[in-house]
J.: 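Here it is, the structure in full.
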Amino acid sequence: MSAIPDIKPGQSIELLKELHILTRDGKLNQDSRRKLKQVYHLFQFIEPLLAEVLAERGDLTLADHGAGKSYLGFILYDLFLKDKGVGHIYGIETRAELVERSRELAARLAFERMSFLDLTVEQSITSPLLPERIDVVTALHACNTATDDAIKFALNKQARFIVLVPCCQAEVAAVLRKNKNQSFGLTPLSEIWRHPIHTREFGSQLTNVLRCLQLEAHGYQLTVTELVGWEHSMKNELIIARRTDAPRKNAQQRLESILHELNLDELRERFVY
């Protein structure tokens with residue numbers, strides 16, 4: 001058990017040093033403490049989902065999209081999977097140097113049931129390097145349409161749970177901006193995004209609303225909340241989706257109605273399939 005305050009019992013001190021959360025002499029500075037708090041807070045949301053899948057199946061697969069340095073994957077493996085003898089975590093990242101660094105770290109720590117893949121989210125949907133079934137899909141601060149690709153991946157893999165912290169939703173705002181003059185003649189709602197700052201903020205909000213309707217149309221039950229503890233991040237919305245195989249009947253209809261009402265029909269392929 002660690003004697004360092006703020007660190008969970010059973011947490012590998014060597015892992016935290018390798019992730020540069022702890023200094024080489026085992027100290028935790030203010031910036032690192034904030035980073036660790038963020039990861040632990042997210043762990044509290046994800047741990048019960050992993051436990052549920054493991055209890056149901058006796059096994060577990062998790063894919064983390066836009067994994068970066070794989071803080072989350074390593075922490076989940078260390079605190080939840082390491083001693084269980086089953087389960088596999090896949091980190092998916094397009095920066096080859098980060099993928100290689102994560103592979104080396106997993107090998108050093110003997111985290112044998114972790115794989116790191118140099119793939120885009122879109123490539124990962126059909127890659128033979130991933131199993132046909134993925135139980136839990138995470139995409140934390142996957143920028144712009146990468147979150148939508150992660151949703152598409154999760155739907156293709158029939159994920160039991162999807163955990164999203166969306167980031168930099170620029171696409172919808174760009175289409176709102178492009179069609180602004182035309183929209184003025186179609187609906188008074190265009191006043192909502194008449195000013196550039198409102199276009200950006202409304203576009204971001206609307207993107208997540210459309211994503212939620214999309215997931216509900218595919219039979220997921222949603223929890224949408226603030227990711228408390230990430231108070232230093234402007235992107236603080238947490239979406240947790242649980243597959244129920246009971247689609248909300250009017251979700252797709254409402255989604256398409258919103259796209260049409262707001263002059264966003266060209267985005268239909270992204271949100272409706």
Side-chain angles (χ1 to χ4, degrees), residues 19 39 42 46 60-77 87-107 111 113-175 203-204 206-208 210-215 217-218 220 227 233-235 237-241 243 264 266-273:
L19 293 176
V39 177
L42 191 56
I46 298 176
L60 168 71
T61 52
L62 180 145
D64 183 26
H65 286 288
K69 296 179 181 178
S70 290
Y71 286 98
L72 178 64
F74 279 115
I75 295 292
L76 288 172
Y77 190 96
H88 200 106
I89 291 178
Y90 297 87
I92 300 168
E93 171 60 49
T94 56
R95 287 169 286 183
E97 70 278 7
L98 296 184
V99 172
E100 187 56 37
R101 191 181 305 169
S102 293
R103 287 172 179 165
E104 292 171 357
L105 176 55
F111 286 7
R113 288 169 286 110
M114 292 192 80
S115 300
F116 301 93
L117 306 175
D118 181 5
L119 297 169
T120 65
V121 183
E122 191 170 12
Q123 288 169 339
S124 70
I125 293 171
T126 56
S127 172
L129 299 174
L130 286 146
E132 289 187 11
R133 176 173 186 165
I134 296 289
D135 297 301
V136 182
V137 174
T138 59
L140 312 177
H141 298 146
C143 276
N144 200 16
T145 58
T147 297
D148 301 301
D149 291 335
I151 291 172
K152 187 174 182 180
F153 171 91
L155 295 177
N156 274 270
K157 298 293 186 180
Q158 297 183 306
R160 182 83 171 89
F161 294 103
I162 308 169
V163 181
L164 307 170
V165 180
C167 181
C168 306
Q169 299 97 313
E171 186 184 38
V172 170
V175 178
S204 179
L206 179 58
T207 302
N208 288 342
L210 294 171
R211 287 166 175 163
C212 289
L213 286 169
Q214 178 188 33
L215 288 167
H218 282 271
Y220 284 82
L227 183 56
S233 172
M234 294 297 289
K235 307 301 180 183
E237 184 170 341
L238 173 67
I239 300 171
I240 299 176
R243 196 177 78 232
L264 295 169
E266 65 196 82
L267 292 176
R268 186 180 185 279
E269 284 189 12
R270 178 161 296 282
F271 296 104
V272 181
Y273 51 80

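Owing to the predicted nature of the structure, the values given are computational and were not obtained by experimental measurement.
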J.: Does some side-chain heavy atom of Leu264 sit less than 4.5 Å from a side-chain heavy atom of Leu206?
T.: yes
J.: Looking at Arg160 and Asp135, would you say the former's side chain and the latter's main chain have a donor-acceptor pair under 3.5 Å?
T.: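 No; judged by distance alone, with no hydrogens or angles, the pair does not exist.
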J.: Rounded to the nearest 0.5 Å, what's the gap from NE2 on His88 to OH on Tyr77? Could you check?
T.: 8.5 Å
J.: Could you check if a side-chain atom of Phe111 sits within less than 4.5 angstrom of a side-chain atom of Ile89, using non-hydrogen atoms only?
T.: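 No. Closest side-chain heavy atoms not under 4.5 Å.
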J.: Side chain to side chain contact (heavy atoms under 4.5 Å, CB included), that's the test. Do Glu171 and Arg270 meet it? Break it down for me.
T.: CA-CA 10 Å; Glu171 186 184 38; Arg270 178 161 296 282; 2.7 Å; yes
J.: Which atoms form the tightest heavy-atom contact between Leu42 and Leu140, and what is the distance?
T.: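 Between these two residues, the closest heavy atoms are CD2-CD1, 3.0 Å.
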J.: Before giving the answer on side chain to side chain contact (heavy atoms under 4.5 Å, CB included), spell out for Leu267 and Val175 the whole-Å C-alpha distance, their side-chain angles and the decisive distance to 0.1 Å.
T.: CA-CA 8 Å; Leu267 292 176; Val175 178; 4.0 Å; yes
J.: Using a cut-off of 6.0 Å, state whether more than 12 heavy atoms not belonging to Glu122 lie near its atom CD.
T.: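 Incorrect, the count does not exceed 12.
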J.: Search all heavy atoms of Leu119 against all heavy atoms of Ile92 and return the closest pair with its distance.
T.: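 Looks like O-CG2, 3.4 Å.
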J.: Taking atom types as modelled and ignoring hydrogens, do the side chains of Thr207 and Gln169 form a donor-acceptor contact shorter than 3.5 angstrom?
T.: no
J.: Return the minimal non-hydrogen interatomic distance between Pro166 and Thr147, and the atom names on each side.
T.: CA-OG1, 4.0 Å
J.: Go through the steps for Gln214 and Tyr220 under the test side chain to side chain contact (heavy atoms under 4.5 Å, CB included), then give the verdict.
T.: CA-CA 9 Å; Gln214 178 188 33; Tyr220 284 82; over 6 Å; no
J.: With a 3.5 Å distance limit and no angle check, can you tell me whether Arg103 reaches the backbone of Phe116 through a side-chain donor-acceptor pair?
T.: yes
J.: Check whether any side-chain heavy atom of Phe161 sits under 4.5 Å from a side-chain heavy atom of Ile46, and report yes or no.
T.: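 When only atoms from C-beta onward are counted, Ile46 and Phe161 do not touch, as no gap falls below 4.5 Å.
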J.: In Å and rounded to the nearest 0.5 Å, what is the CG to CD1 distance from Leu72 to Ile75?
T.: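 If I round to the nearest 0.5 Å, the distance is 8.5 Å.
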J.: Please report the closest heavy-atom contact between Cys212 and Ile239, naming both atoms and the distance.
T.: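 That would be SG-CD1, 4.1 Å.
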J.: Are the side chains of Leu105 and Phe74 in touch, meaning some heavy atoms are under 4.5 Å apart?
T.: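 In contact.
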J.: Would you say Tyr273 and Leu155 make side-chain contact, with heavy atoms under 4.5 Å?
T.: yes
J.: Decide yes or no for Leu62 and Asp64: does some side-chain heavy atom of the first lie under 4.5 Å from some side-chain heavy atom of the second?
T.: yes
J.: When you compare the side chains of His65 and Thr138, does any donor N or O come within less than 3.5 Å of an acceptor on the partner?
T.: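 On atom types as modelled, these side chains do not qualify, holding no pair under 3.5 Å.
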J.: Let me confirm one number: the CD1-NE2 distance from Ile162 to His218, rounded to the nearest 0.5 Å.
T.: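 Answer for the CD1-NE2 pair, Ile162 versus His218, is 9.5 Å.
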J.: Please find the pair of heavy atoms, one from Asp118 and one from Ala96, that lie closest to each other, and give the distance.
T.: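 Answer, listing the atom of Asp118 first, then Ala96: OD2-CB, 3.5 Å.
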J.: What's the separation between atom CZ in Phe271 and atom CG in Leu210, rounded to the nearest 0.5 Å?
T.: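 With rounding to 0.5 Å, CZ (Phe271) is 5.0 Å from CG (Leu210).
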J.: Would you check if the side chain of Thr61 reaches a backbone N or O of Arg133 as a donor-acceptor pair within less than 3.5 Å?
T.: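 The answer is yes, because a donor-acceptor pair under 3.5 Å joins these two groups.
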J.: State, yes or no, whether a side-chain contact exists between Val121 and Thr94 at a heavy-atom distance under 4.5 Å.
T.: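 In short, these two side chains do not touch, never coming nearer than 4.5 Å.
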J.: Is Glu97 paired with Arg95 through a side-chain N to carboxylate O contact shorter than 4.0 Å?
T.: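 The answer is no: the pair does not qualify as a salt bridge.
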J.: I want to check something: taking the side chain as every heavy atom from C-beta on, are Ser124 and Leu117 in contact at a cut-off of under 4.5 Å?
T.: no
J.: Quick test of your reading of the model: are Glu104 and Arg101 salt-bridged, counting only N-O distances below 4.0 Å?
T.: no
J.: Hey, what do you get for CG (Leu130) to CG (Asn156), rounding to the nearest 0.5 Å?
T.: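 Answer rounded to 0.5 Å: 12.0 Å.
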J.: Does Thr120 use its side chain to pair, donor to acceptor, with the backbone of Gln123 at less than 3.5 Å?
T.: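 Looks like yes, one N/O pair under 3.5 Å.
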J.: Give the minimum heavy-atom separation between Ser102 and Ser70, together with the two atoms involved.
T.: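 Taking every non-hydrogen atom into account, OG-OG, 3.7 Å.
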